[in-house]
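Values below: all heavy atoms of this structure, side chains included; hydrogens, waters and symmetry mates excluded. In what follows, chains are A, B, ... by sequence order, proteins preceding strands, each numbered from 1.
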Amino acid sequence: MTDGRLVLSAPAVPEVLEVVHTMLAQLWARADTWDQRDRTRFELAVIEVLGNVVEHAYAHDTESGRRFDITLVADDEHVVASLADNGLPVALDLSGVALPEDELAESGRGLALATAALDDLRYERVEGRNHWTLECRRGSAG
Amino acid sequence: MTDGRLVLSAPAVPEVLEVVHTMLAQLWARADTWDQRDRTRFELAVIEVLGNVVEHAYAHDTESGRRFDITLVADDEHVVASLADNGLPVALDLSGVALPEDELAESGRGLALATAALDDLRYERVEGRNHWTLECRRGSAG
Amino acid sequence: MIEIDVHTRDDGIGVVVPRGRLNMVAARQLKEVLADLVGSGTSRIVVDMAETTFLDSSGLGALIGGLKSARQAGGDLRIARPVPAVTTVFELTNLDRVLRARDDVETAFDD
Amino acid sequence: MIEIDVHTRDDGIGVVVPRGRLNMVAARQLKEVLADLVGSGTSRIVVDMAETTFLDSSGLGALIGGLKSARQAGGDLRIARPVPAVTTVFELTNLDRVLRARDDVETAFDD
Ligand SMILES: Nc1ncnc2c1ncn2[C@@H]1O[C@H](COP(=O)(O)OP(=O)(O)O)[C@@H](O)[C@H]1O
Ligand SMILES: Nc1ncnc2c1ncn2[C@@H]1O[C@H](COP(=O)(O)OP(=O)(O)O)[C@@H](O)[C@H]1O
């Protein structure tokens with residue numbers, strides 16, 4: 001069983017999203033039977049959750065600054081992203097996430113989009129770090 | 001001192017070079033006082049050495065396949081890439097590396113280019129893995 | 001990476017063409033581009049998304065911000081030619097009515 | 001990522017335009033494109049490098065392979081409009097004489 005995992009550790013700055021987009025493109029180059037819709041919803045969810053980390057998860061002013069790790073794995077039936085960051089704990093009820101009431105709100109759609117796009121989204125705080133796990137199953141509606 | 005390191009672990013396949021190009025672009029976005037010539041010679045050397053890993057460093061058929069790790073760090077005066085892979089040991093005399101005699105040779109220029117572009121290129125075999133360290137100093141001729 | 005082209009047509013309609021991924025980094029640029037257009041008197045805007053390969057919630061936010069300020073200035077913002085990856089995002093957020101996609105940049109303001 | 005455009009001009013010269021990074025992955029594609037051109041009778045080739053943002057030794061190898069087969073077929077391969085990042089590679093490998101860069105695609109075969 002070859003190990004096709006892609007793992008990145010980087011500063012939590014918006015510009016690094018470009019690297020993650022390229023990693024996703026390489027993941028699909030190997031998982032080439034996945035269709036466009038599955039690719040889109042997974043990429044969307046990864047960028048939303050990582051975008052939140054970059055935007056909201058300020059670290060306790062650690063010496064080394066805010067950083068994150070991301071691991072991407074695909075097999076024939078699942079694709080999983082695991083994210084970890086050294087930001088503040090997140091107080092969120094993921095089951096209560098919904099689109100904003102105001103149709104013309106300019107923000108507040110990220111987690112609702114991620115939830116709608118994924119088959120599974122989990123958050124845990126472990127050893128002072130935030131851990132997010134994102135999963136899509138092939139061909140499911142999300 | 002913030003930690004701007006970019007670290008990738010990935011399968012050693014040609015397509016992943018694209019991810020490393022993007023990482024380099026992000027490194028320069030943060031080290032934005034480095035000039036074009038320094039950027040070019042460092043990127044060139046990184047891609048040459050990593051290209052060799054992908055092309056030549058076949059693993060002992062490990063379970064998990066061929067993989068590599070790369071770390072990129074820049075400060076005001078140096079930029080360093082550290083590469084490690086699980087391929088076969090490399091028997092090379094880096095001090096003896098030269099351009100091919102045949103001006104029209106179609107290969108054999110990679111290490112000569114990397115050596116010419118860098119201020120320092122080191123190779124070590126440590127604990128069953130190949131380690132390459134590449135360094136450019138700002139503004140030096142290479 | 002994104003490139004945003006902007007031009008104003010003879011009929012006064014502003015055409016904005018984001019080429020590449022419309023994520024967090026690009027959304028900031030798009031926000032500025034749209035604010036500048038409306039600020040300089042162009043309140044009818046078509047965003048030609050034929051070459052926008054990716055859209056996330058921050059890109060959506062920039063589009064909605066532009067839509068609101070265009071309408072406040074008496075105009076509108078319309079979306080043309082989104083690719084499937086972008087259409088998916090409009091659908092998942094129920095914005096496919098508010099930002100109804102037109103098939104054509106030229107005729108996006110005909111109705 | 002690379003895109004390689006190819007067309008043959010009225011004067012029979014083949015123009016090859018690699019857009020993007022000419023690394024290991026792209027070099028394979030370029031090799032094929034050049035072999036196909038020469039194989040189908042086009043032995044005078046200009047490679048327009050204005051949009052080639054990166055070149056490494058494998059890309060160089062593909063160019064030299066094309067140069068050799070073009071010459072064997074009685075023609076030549078010429079390089080036009082390289083950006084500084086690419087010129088650096090020609091200089092570091094002393095190939096700036098063998099693959100002397102022309103300023104213009106149109107006139108690359110005039111001398
Ligand atoms: N990683 C995170 N760390 C801290 N807070 C977060 C994180 N992700 C989301 N949040 C909180 O949840 C809210 C809703 O997030 P989201 O739906 O992505 O919309 P937006 O980011 O546009 O506000 C955010 O405004 C923020 O308060
Ligand atoms: N990482 C590596 N592992 C094993 N062998 C290598 C490695 N890098 C270089 N070599 C050897 O050194 C030779 C010269 O390498 P290089 O100068 O890059 O030219 P090329 O790769 O075009 O042959 C290669 O052909 C190969 O035999």
Pairwise side-chain contact, C:Lys31 with A:Glu106, heavy-atom cut-off 4.5 Å (strictly under): yes
More than 12 heavy atoms of other groups within 6.0 Å of C:Asp111 CG: yes
Pick from A:Arg37, A:Gln36, A:Glu15 with the largest number of heavy-atom pairs that fall under 4.5 Å of chain C: A:Arg37
Stepwise side chain to side chain contact (heavy atoms under 4.5 Å, CB included) test for A:Ile47 and C:Arg21: CA-CA 11 Å; A:Ile47 296 298; C:Arg21 299 184 190 108; over 6 Å; no
Any donor-acceptor pair under 3.5 Å from A:Glu48 side chain to C:Ser57 backbone: yes
Heavy-atom contact with chain C under 4.5 Å, split by part of A:Ala105: backbone
Closest non-hydrogen atom pair between A:Leu104 and C:Ile64, with its separation: O-CG2, 3.3 Å
Close approach to chain A in residues 90-99 of chain C, criterion heavy atom under 4.5 Å: C:Glu91, C:Leu92, C:Thr93, C:Asn94, C:Leu95, C:Arg97, C:Val98
Toward chain A: residues of residues 32-54 of chain C with heavy atoms under 4.5 Å: C:Phe54
Straight-line distance of C:Leu60 CG to A:Leu113 CG, nearest 0.5 Å: 6.5 Å
Neighbour count >12 (heavy atoms, 6.0 Å) for atom CG, A:Asp32: yes
